[in-house]
Amino acid sequence: MKRFGSVVRLRPEKEAEYRRLHAEVWPQVLDRITRSNIRNFSIFLRDGLLFSYLEYVGSDYEADMEAIAQDPRTREWWALTDLCQERMPTSPDSQWAPMEEVFHHD
């Protein structure tokens with residue numbers, strides 16, 4: 001199992017919309033996440049920053065992430081949620097900026 005954290009800014013004027021969308025995530029999107037071996041997936045909000053945490057339990061991360069990226073329903077979902085987000089200046093090529101794990105304790 002591998003742990004992943006990432007961060008993105010939430011546009012202040014889109015917070016209510018983002019919360020509404022995530023109160024009722026589309027079942028097809030959740031199914032694709034599960035089929036792509038993601039578990040224990042959470043998104044947290046603090047001071048305008050969204051932090052995501054997930055655990056990957058598969059054996060081919062790149063292929064599983066590509067399956068998510070190519071899923072039509074997920075792409076529709078991202079078209080809505082991406083409008084609520086602002087990329088981090090240090091990560092212009094990625095919607096969510098990957099974070100380095102510097103500590104873990106079980």
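In this text the structure is predicted, and so the values were computed from the model without any measurement. Values below: all heavy atoms of this structure, side chains included; hydrogens, waters and symmetry mates excluded.
- Residues S36 and M65 approach most closely at O-CE, 4.1 Å, considering heavy atoms.
- Below 30°, between 30° and 60°, or above 60°: for F4 and Y61 the angle between ring planes is below 30°, a parallel geometry.
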Tell me, with the steps shown, if L49 and R9 meet side chain to side chain contact (heavy atoms under 4.5 Å, CB included). CA-CA 5 Å; L49 292 176; R9 292 196 185 283; 3.5 Å; yes
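- Atom CG of N40 sits about 5.5 Å away from atom OG of S42, to the nearest 0.5 Å.
- Contact annotation: the side chain of I38 approaches that of I68 to within less than 4.5 Å [non-hydrogen atoms, C-beta and beyond].
- With hydrogens and angles left out, the side-chain atoms of S91 and R87 include no donor and acceptor closer than 3.5 Å.
- Under the 4.5 Å side-chain heavy-atom criterion for grouping Ile, Leu, Val, Met, Phe, Trp and Tyr, W78 is not connected to L83 through any hydrophobic cluster.
- Two residues are said to be in side-chain contact when any heavy atoms from C-beta on lie closer than 4.5 Å; D82 and Q95 meet this criterion.
- No donor-acceptor distance shorter than 3.5 angstrom exists from the side chain of R73 to the backbone of Q28, with no hydrogens or angles considered.
- The aromatic rings of Y18 and H22 sit tilted, their planes meeting at an angle between 30° and 60°.
- We find that R20 and E17 are joined by a salt bridge, their nearest charged nitrogen and carboxylate oxygen being less than 4.0 Å apart.
- No path of Ile, Leu, Val, Met, Phe, Trp and Tyr side chains, each step under 4.5 Å between heavy atoms, connects Y56 with F51, placing them in separate hydrophobic clusters.
- Scanning both residues, T81 and L21, for their nearest heavy atoms gives CG2-CD1, 4.0 Å.
- At most 12 non-hydrogen atoms from other residues, nucleotides or ligands lie less than 6.0 angstrom from CZ of R19.
- For residues 46-58, the set of pairs meeting the salt bridge (Lys or Arg N to Asp or Glu O under 4.0 Å) definition, not counting sequence neighbours, is empty.
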Given the rule in the salt bridge (charged side-chain N to carboxylate O under 4.0 Å, His left out) test, do D31 and R35 qualify, once you have shown the distances and angles that lead to the verdict? CA-CA 6 Å; D31 179 61; R35 288 187 292 125; 2.7 Å; yes
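- Closest heavy-atom contact between T90 and P92: C-CD, 3.5 Å.
- Under the 4.5 Å side-chain heavy-atom criterion for Ile, Leu, Val, Met, Phe, Trp and Tyr, W96 and L54 are members of the same hydrophobic cluster.
- Outside the 6.0 Å centre-distance limit, the rings of Y53 and F44 are not counted as a close aromatic pair.
- The two residues V57 and M1 come nearest to each other via the heavy atoms CG1-CG, 3.9 Å.
- In plain terms, the two heavy atoms of I43 and F41 that are nearest each other are CG1-CE1, 4.2 Å.
- Here the side chain of S6 pairs no donor or acceptor atom with the backbone of P98 at under 3.5 angstrom.
- Residue L10 is grouped with residue V25 when hydrophobic side chains (ILVMFWY) are merged at heavy-atom distances under 4.5 angstrom, including chains of intermediate members.
- Across every non-hydrogen atom of E15 and L45, the tightest pair is OE2-CD2, 3.5 Å.
- For E101, the side chain to side chain contact (heavy atoms under 4.5 Å, CB included) test picks out R3, H104, with sequence neighbours left out.
- R32 CZ to L30 CG: the interatomic distance, rounded to the nearest 0.5 Å, is 12.5 Å.
- A distance-only check finds no donor-acceptor pair linking the side chain of R75 to the backbone of Q70 [under 3.5 Å].
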